[in-house]
Each structure stands twice: as structure tokens, then as C-alpha cells.
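For this chain, numbers begin at 1 and follow the sequence in order.
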Amino acid sequence: MAPKSKSKSKAKAKTPKPSPSSSSKSSSSSSIFKPGTRVEVSSDDDGFRGSWFSGTVIRRAGADKFTVEYDNLLADERGKKKLREQLGFHQLRPLPPEEAGVEFKFGDEVDAFHNDGWWEGSITQELENGMFAVYFRGSKEQIEFTADQLRKHREWMNEKWVPPFAQQEQEENMVSDPNAKSDKTVKGKEVVATPNVTSDDKDVKGKGVMLTPNVSSDDEGKKVVLTPNIKSDETAEEFNFCEGMLVEVSNDEEGFQGAWFSATVVEVIGDDRFLIEYKTLLDDNSNLLREEADKWHIRPPPPATSENIKFSYLEEVDAMYNDGWWVGVISKVLGDSKYVVYFRSSNEEIEFPNSQLRPHLDWIGGKWVLASEALNLL
């Protein structure tokens, strides 16, 4: 994104914060992070968002502050002293349990071990020799990894892993149903966007999937199934943006990560750059804000879905807030078609009606790709 001074109007549209009616996520540090506790640490610094680095709690430094020593990050170039930092409670979580025999597939949301940390991404291709291509939203890069460099992505919410590990899930089932068998499965969980692929749809794995709403006249109020419209020999093609086209634009600046704003292409500057005009964001003179955007920060609007669509617990969604669409996860399903959405970037929860939500999709390689199935309880 071209460097420009932001207007007051755009500055308002920063990372979602809870309103008085929203459900606030408690930041009580309780006693889970005692000195010596092994933890993973997230960072708010540019270039590190979406990553987790392992370390150890050294001491408590305040009400919600802790001093942590990293395992792999060093304090100086000589590499003799491990880095120590004072971090907030919201930046810490326990070290996830290790899982054996995990199988990965196209569409899974994963953490990939890279540059001494775990980075959140999505599997976009299943390659030969057990390799997987992983796409990272933050950097908009795709890198190949082996299976032993990957793990299933999970969130630490309300002092629980979501989705739960097998042992955690069994323990929760036993609490809710003492007579439950150890192999009891979780029911009632829907997949965010399920491919409707028949036996004639060959070689689907490893390709971007063009999603089209499959809605009939009597589907009002039901979950929309997004089905892939692909051919067996179809490959990803470059998408051409032209003047006058309605688009969505993202921004890597502080407070705007994870959001997409509606805009119109005013001018094609080159092969990779565009002058866009926002639909709702204003400049200092109260005119519609114009900026330059490159092809990595622009996409067409996602397929439209019914306003009465119903969402499920742990479903990944976009929420309309402060004039933009912000990616989050359904953390609570309320009555009257209302939901609480958890935002990873701000570690906050906010309540929304379903009319302000839509299923989350990623635009990769000129195609809409299914939102991760890893956030669903299988």
C-alpha cells in the first residue's frame, strides 16, 4: 500500500474493540503462567503477526505483565544470550500438546515452523514426496513444507484449545456425559464451506477452487453450501482488474490487519498497481479517500450469500465493523440470530447479528479458496 497519511475517518476503522453491549474477553492472568511455565508468545510487531515463538516465563512483572525468555530468539548478533521481553497476558498461551499421526489435506489451516517460530497459514496444495504448499495471509506468500514442519492450527480461547485436542475433547464429553464412551464424537458442528465434489471432479486437491453459491428458492435461512466450479484440467489464471470494477482492498498498516474495505478501481497504473477509491472511507477534506494498491492487496468482492444464513460455533467469518469486513471466528452462538465473534488480532470478542456476517473465503491465485476446515470440530 502506498505510504499516505491517514485521515481521521480512516483512523476510526481500526481493529475491532468491544462495545458496551459486546462480550469482553477476560484478561485475568489467574495462575496459569507461573515462573517456569513453558509458553508460546505472539507479537504485535510488524512482520511477526500470525506467529508464535516458544519460551519460558521468568517472572511476573505486573498485574497482566510477564517477563519471558525465548527459546530460539537471541538478544544480540553474537548469539550468546537469549532474548527476554516483558509481555502482556493476551500475548501468552500454554505450549500446545504434541500430536502424533496427524494427516494434512488441502484446505487445512495449519501452523508451519519457519524462522524459529510457528506461522499461521493454509494448505493450498498437496505435493509429491509428502510436501505441502502453505499460503500465509499476512505476507501473501506460499512456501513448501514437510508434514513434520506442520501442526493443526488451534486457538487458545477461554483457557481451552479450540478445536480441542482428542484427549481434551474426551474429557469434556465425560464431564457432560459420564456414561459416554471414549470414542464419542462431537455432533452438530457444520463445515464452513463444503466442497460438493462428485466422482467426476478429478484432481481437485492442490487447486484453487472457484466458489459459487448453490442456493435454491427454498434455501432462505439455511447455510449456503459453496460448491467448486472447476474442470479437471483447470489451472489458476491471473485475474484482471479494470477501471470501474468494484473490489475489496486490504491494508498492512497498524490496526488495519485482517480487514477488507469496499472500493472502486479508478485507474490501472501498471501490471501490479491500481488507483482505488474507497466507498466509505474519507480523506481530511471529507472526500472519498483514494490510494494506490498493489495486486496483493486487492480482490473482487466474495460471492454473495443470503442475509439469513446461519453460522456455527467455531466457523470462520468476516464481520462488518467500522466500514470494513474483519476476519474472526464464531466463539458463541446466541439467540435471535446473533453471534459473538472472536478477533485474533485484538484478542477481543464482539456481538453481531447474522446480517453483519458472511462466510470467510480467501482469494488465492485468482480464485476463491475454501475457508479452512481446521477450525471445525470433526
**OP:** Any chance you could lay out the salt bridge (charged side-chain N to carboxylate O under 4.0 Å, His left out) test for Lys310 and Glu315, step after step, and finish with the verdict?
**Re:** CA-CA 10 Å; Lys310 296 185 183 301; Glu315 183 163 347; over 6 Å; no

Subject >> Point-to-point distance, once rounded to the nearest 0.5 Å, from OG of Ser122 to CZ of Arg137 >> reply: 5.0 Å

Subject >> pair Ile32-Thr37: side-chain heavy atoms closer than 4.5 Å >> reply: no

Original post:
In terms of hydrophobic clustering (I, L, V, M, F, W, Y; side-chain heavy atoms under 4.5 Å; direct or indirect links), are Leu83 and Ile58 co-clustered?
Top reply: no

Original post:
When Ile, Leu, Val, Met, Phe, Trp and Tyr are grouped by side-chain heavy atoms lying under 4.5 Å apart, directly or through other members, which residues fall in the same group as Ile269?
Top reply: Val266, Leu275

Original post:
Can you tell if the side chain of Glu248 reaches within under 4.5 Å of the side chain of Pro302, non-hydrogen atoms only?
Top reply: yes

Subject >> Nearest-0.5 Å distance that lies between atom NZ in Lys152 and atom CD in Glu109 >> reply: 10.5 Å

**OP:** Taking all non-hydrogen atoms of both residues into account, name the closest pair between Ser54 and Asp71 and its distance.
**Re:** OG-OD2, 2.8 Å

**OP:** List, by chain and number, the other hydrophobic cluster members for Trp296, where Ile, Leu, Val, Met, Phe, Trp and Tyr join if side-chain heavy atoms come within less than 4.5 Å, directly or indirectly.
**Re:** none

Original post:
When rounded to the nearest 0.5 angstrom, what distance separates OH in Tyr135 from CD in Gln125?
Top reply: 13.5 Å

Original post:
Under the 3.5 angstrom rule, does the side chain of Glu126 hit a backbone N or O of Lys105 as a donor-acceptor pair?
Top reply: no

Original post:
Heavy-atom count around Phe48 CZ within 6.0 Å, excluding the residue itself: above 12?
Top reply: no

Original post:
Shared ILVMFWY cluster between Val317 and Ile350, side chains joined below 4.5 angstrom?
Top reply: yes

**OP:** Quick one: sort the Tyr70 and Phe53 rings into parallel, tilted or perpendicular, breaks at 30° and 60°.
**Re:** perpendicular

Subject >> Stepwise side-chain contact (heavy atoms from CB on, under 4.5 Å) check, Glu85 with Val68 >> reply: CA-CA 6 Å; Glu85 281 190 323; Val68 174; 5.9 Å; no

Subject >> Atom pair OH/NZ of Tyr339 and Lys332 - distance to nearest 0.5 Å >> reply: 15.5 Å

Original post:
Under the 3.5 angstrom rule, does the side chain of Asp294 hit a backbone N or O of His297 as a donor-acceptor pair?
Top reply: yes

**OP:** Please test Leu246 against Lys279 for side-chain contact (heavy atoms from CB on, under 4.5 Å), starting from the C-alpha separation and ending with a verdict.
**Re:** CA-CA 9 Å; Leu246 182 65; Lys279 289 289 189 180; 3.6 Å; yes

**OP:** State yes or no: do Val265 and Phe261 share one hydrophobic cluster built from I, L, V, M, F, W and Y residues joined by side-chain heavy-atom distances below 4.5 Å, directly or via other members?
**Re:** yes

Original post:
Which atoms form the tightest heavy-atom contact between Val57 and Phe66, and what is the distance?
Top reply: CG1-CD2, 4.2 Å

**OP:** Return the minimal non-hydrogen interatomic distance between Trp363 and Ile298, and the atom names on each side.
**Re:** CD1-O, 4.2 Å

Subject >> Those residues that, when tested against Trp260, pass ring pair (Phe, Tyr, Trp, His ring centres under 6.0 Å) (two or more places apart) >> reply: none

Original post:
Which residues, ordered by chain and number, are linked to Leu127 in its hydrophobic cluster, where ILVMFWY side chains connect at heavy-atom gaps below 4.5 Å, directly or through other members?
Top reply: Met131

**OP:** Please name the pair of heavy atoms, one in Glu103 and one in Asp108, separated by the smallest distance, quoted to 0.1 Å.
**Re:** O-OD2, 4.0 Å

Subject >> Interatomic spacing from NZ in Lys65 to CZ in Phe89 - rounded to 0.5 Å >> reply: 12.5 Å

Original post:
Are the side chains of Val41 and Leu92 in touch, meaning some heavy atoms are under 4.5 Å apart?
Top reply: yes

Subject >> Exam field: side chain Arg154 to backbone Pro163, donor-acceptor pair closer than 3.5 Å >> reply: yes

Subject >> Exam field: side chain Asp111 to backbone Arg151, donor-acceptor pair closer than 3.5 Å >> reply: no

Original post:
Taking atom NE2 of His90 and atom CG of Asp64, what is their separation to the nearest 0.5 Å?
Top reply: 10.0 Å

Original post:
Are the side chain of Trp119 and the backbone N or O of His114 linked by a donor-acceptor pair below 3.5 Å?
Top reply: yes

Original post:
Residues two or more places apart in sequence or in another chain: which of them pass salt bridge (charged side-chain N to carboxylate O under 4.0 Å, His left out) with Glu277?
Top reply: Arg290

Subject >> Nearest atoms (heavy-atom pairs only) where Ala61 meets Gln86 >> reply: CB-NE2, 3.6 Å

**OP:** Under the side chain to side chain contact (heavy atoms under 4.5 Å, CB included) rule, collect the residues that match up with Ala263, sequence neighbours excluded.
**Re:** Val247, Val249, Ile276, Tyr278

Subject >> Non-hydrogen side-chain atoms of Ile309 and Phe311 separated by less than 4.5 Å >> reply: yes

Original post:
So among Phe113, Trp118, Phe145, which one has a side-chain contact (heavy atoms from CB on, under 4.5 Å) with Leu150?
Top reply: Phe145

Subject >> Non-hydrogen atoms of Leu288 and Asp283 that approach each other most closely >> reply: O-OD2, 4.3 Å

Original post:
Okay, side chain of Trp326, backbone of Tyr321: is any donor-acceptor separation there less than 3.5 Å?
Top reply: yes

Original post:
Quick one: does Ser331's side chain have a donor or acceptor within less than 3.5 Å of a partner on Val340's backbone?
Top reply: yes

Original post:
Between Val329 and Val162, is any pair of side-chain heavy atoms under 4.5 Å apart?
Top reply: no

